[in-house]
Amino acid sequence: IGLKKATKQLGRINLVDSSTITLCLSQYPWALYLPTHAGVKLHLRLAFVDGLVHPDKAILTPAKPSDRTQMDSLIELDRDALYIFDRGYVDYRKFDEYCRGGTRFVTRLRYNTSIAETYERRTIPQGSPVLRDDVVRIGSSASRSMTHPTRWIETLDSEGNLIIILTNDLTMDAVEIGDLYRRRWQIELFFKWIKQHLKVKSMYGKSENAVFNQLRIA
């Protein structure tokens with residue numbers, strides 16, 4: 001499905017992800033995130049509107065906090081938008097909130113995700129790249145599960161690996177959902193472009209505020 005065609009059919013499409021920018025640990029101890037590494041993280045929302053692509057919102061944080069900490073800032077309750085994000089943003093409580101508010105999302109699940117209940121097993125057309133399309137409630141127990149139904153879609157990536165996609169859109173064609181999730185790589189290409197063209201060879205300050213301001217200006 002082409003992006004221009006998709007945005008006409010689905011409205012605004014927002015891709016959400018993050019990328020880590022490494023720093024020298026001895027110079028920036030406040031940015032510690034691994035025993036021998038320091039860095040900051042750029043959390044980004046990339047928007048597709050009317051066939052055009054642009055960065056819609058950017059947040060800088062130390063690299064250690066998980067991507068989920070920025071879900072409230074990057075994923076808004078919006079019936080006119082479809083959000084696509086990776087498995088670093090899995091949060092059942094937030095997913096239920098999106099379902100209640102009418103915010104559509106497409107994300108990828110980890111292979112160890114449990115299904116608490118299956119409501120419907122949809123028929124897969126012969127020759128379809130989709131292997132499974134079920135309406136389910138995900139979770140492992142009453143206290144660790146969603147309350148709203150979602151779709152569990154299994155398909156293969158370009159290298160033949162199985163991927164499990166979750167969405168709260170119960171009507172869109174499963175093949176189109178798989179194609180939309182593959183478009184998430186557009187944000188990876190954007191991160192790559194940033195690191196190649198907006199080079200920051202050295203930092204002018206050592207504090208968190210100095211680093212973040214320089215990166216925002218760049």
How far apart are the C-alpha atoms of D134 and R121, what are their side-chain angles, what is the distance that settles it, and do they pass the salt bridge (Lys or Arg N to Asp or Glu O under 4.0 Å) test? CA-CA 5 Å; D134 295 347; R121 295 187 182 276; 3.0 Å; yes

One should read off an interatomic distance between T155 OG1 and I124 CD1, to the nearest 0.5 angstrom, of 9.5 Å

When you compare the side chains of S73 and H43, does any donor N or O come within less than 3.5 Å of an acceptor on the partner? no

Would you mind reporting whether W152 and T113 have side-chain heavy atoms less than 4.5 Å apart? yes

What do you reckon, is NZ of K195 surrounded by more than 12 foreign heavy atoms closer than 6.0 Å? yes

So does I163 get a backbone contact from the side chain of D157, meaning a donor-acceptor N/O pair under 3.5 Å? no

Under a 3.5 Å cutoff, is there a donor and acceptor pairing between the side chains of T69 and D67? no

What I want to find out is whether E97 reaches R100 closely enough, with some N-O distance under 4.0 Å, to be called a salt bridge. no

Does this structure show an ion pair linking D179 with R182, if we count only N-O contacts that are shorter than 4.0 Å? yes

For the OG1 atom of T150 and the CG atom of D96, what is their distance to the nearest 0.5 Å? 9.0 Å

Count the heavy atoms belonging to other residues, nucleotides or ligands that lie under 6.0 Å from CZ of R216, then report whether that count exceeds 12. yes

Under 3.5 Å, is there a donor on one side chain and an acceptor on the other for R137 and S145? yes

F105 vs F85 aromatic rings, parallel, tilted or perpendicular, using cut-offs 30° and 60°? parallel

For the pair E154 and V130, evaluate side chain to side chain contact (heavy atoms under 4.5 Å, CB included) and give the outcome as yes or no after the intermediate values. CA-CA 6 Å; E154 294 182 6; V130 174; over 6 Å; no

Contact check, side chains of I13 and L180, non-hydrogen atoms, under 4.5 Å: yes

Would you indicate whether the side-chain heavy atoms of R184 and L46 approach each other to under 4.5 Å? no

Atom CG of L25 and atom OG1 of T22: how far apart are they, to the nearest 0.5 Å? 11.5 Å

Is there a continuous path of hydrophobic side-chain contacts, each under 4.5 Å between heavy atoms, that joins I84 to I153? yes

Nearest 0.5 Å, please: how far is CD1 in I187 from OG in S18? 8.5 Å

What are the two closest non-hydrogen atoms of I165 and V106, and how far apart are they? CG2-CG1, 3.6 Å

Might you point out which heavy atoms bring R108 and R87 nearest each other, and give the distance in Å? O-CB, 3.1 Å

Could you check if a side-chain atom of R110 sits within less than 4.5 angstrom of a side-chain atom of V90, using non-hydrogen atoms only? yes

Keeping K41 on the side-chain end and K64 on the backbone end, is there a donor-acceptor pair under 3.5 Å? no

For R104 and N168 the tightest heavy-atom approach is CA-OD1, 3.3 Å

Donor-acceptor contact present, side-chain S19 to main-chain F191, <3.5 Å: no

Give a yes or no answer on whether the side chain of R151 reaches the backbone of M172 with a donor-acceptor pair at less than 3.5 Å. yes

For D78 and T103, which heavy atoms make the closest approach, and how far apart are they? N-OG1, 2.7 Å

In Å, rounded to the nearest 0.5 Å, how long is the span from CE of M203 to SG of C24? 11.5 Å

Side-chain heavy atoms under 4.5 angstrom apart, residues restricted to Ile, Leu, Val, Met, Phe, Trp, Tyr: same cluster for M146 and I164? yes

Side chains of H37 and T20: closer than 4.5 Å at any heavy-atom pair? no

Quick check: does any side chain N or O of Y83 sit under 3.5 Å from a backbone N or O of E76, one acting as donor and the other as acceptor? yes

Examine distances only and state if a side-chain atom of T167 and a backbone atom of D169 form a donor-acceptor pair shorter than 3.5 Å. yes

Neighbour count >12 (heavy atoms, 6.0 Å) for atom CZ, R68: no

Joint cluster assignment, L44 & Y89, ILVMFWY side-chain distance < 4.5 Å: no

Going through the checks in order, is the side chain to side chain contact (heavy atoms under 4.5 Å, CB included) test met by V135 and R122? CA-CA 8 Å; V135 179; R122 298 187 173 181; 3.6 Å; yes

K57 side chain near L74 side chain, heavy-atom distance below 4.5 Å: yes

With clusters defined by side-chain heavy atoms of hydrophobic residues (ILVMFWY) lying less than 4.5 Å apart, directly or transitively, does Y92 cluster with I115? yes

Closest non-hydrogen atom pair, F190 against P55: CZ-CG, 3.8 Å

Any chance you could measure E120, atom CD, to T123, atom OG1, to the nearest 0.5 Å? 8.5 Å

Do L77 and V16 sit in the same hydrophobic cluster, where Ile, Leu, Val, Met, Phe, Trp and Tyr count as joined when their side-chain heavy atoms come under 4.5 Å apart? yes

Consider side chain to side chain contact (heavy atoms under 4.5 Å, CB included). Of I194, L42, V40, which one does L215 pass it with? V40

If we ignore hydrogens and angles and just use 3.5 Å, is the side chain of Q70 paired with the main-chain N or O of P65 as donor and acceptor? no

What orientation do Y98 and F95 show, parallel under 30°, tilted 30 to 60°, or perpendicular over 60°? tilted

Inspect the surroundings of CH2 in W30 and state if more than 12 heavy atoms from other residues, nucleotides or ligands are less than 6.0 Å away. yes

Hey, is the main chain of Y204 close enough, under 3.5 Å, to the side chain of Q214 for a donor-acceptor pair? yes

For F48 and Q186, run side chain to side chain contact (heavy atoms under 4.5 Å, CB included): C-alpha distance rounded to whole Å, both residues' side-chain angles, the deciding distance at 0.1 Å, then the answer. CA-CA 10 Å; F48 291 88; Q186 293 290 330; 3.8 Å; yes

Which heavy-atom pair separates G205 from V211 by the least distance, and what is that distance? O-CG2, 3.9 Å

Judged by atom type as modelled, is there a donor-acceptor pair below 3.5 Å linking the side chain of D56 to the main-chain atoms of N14? no

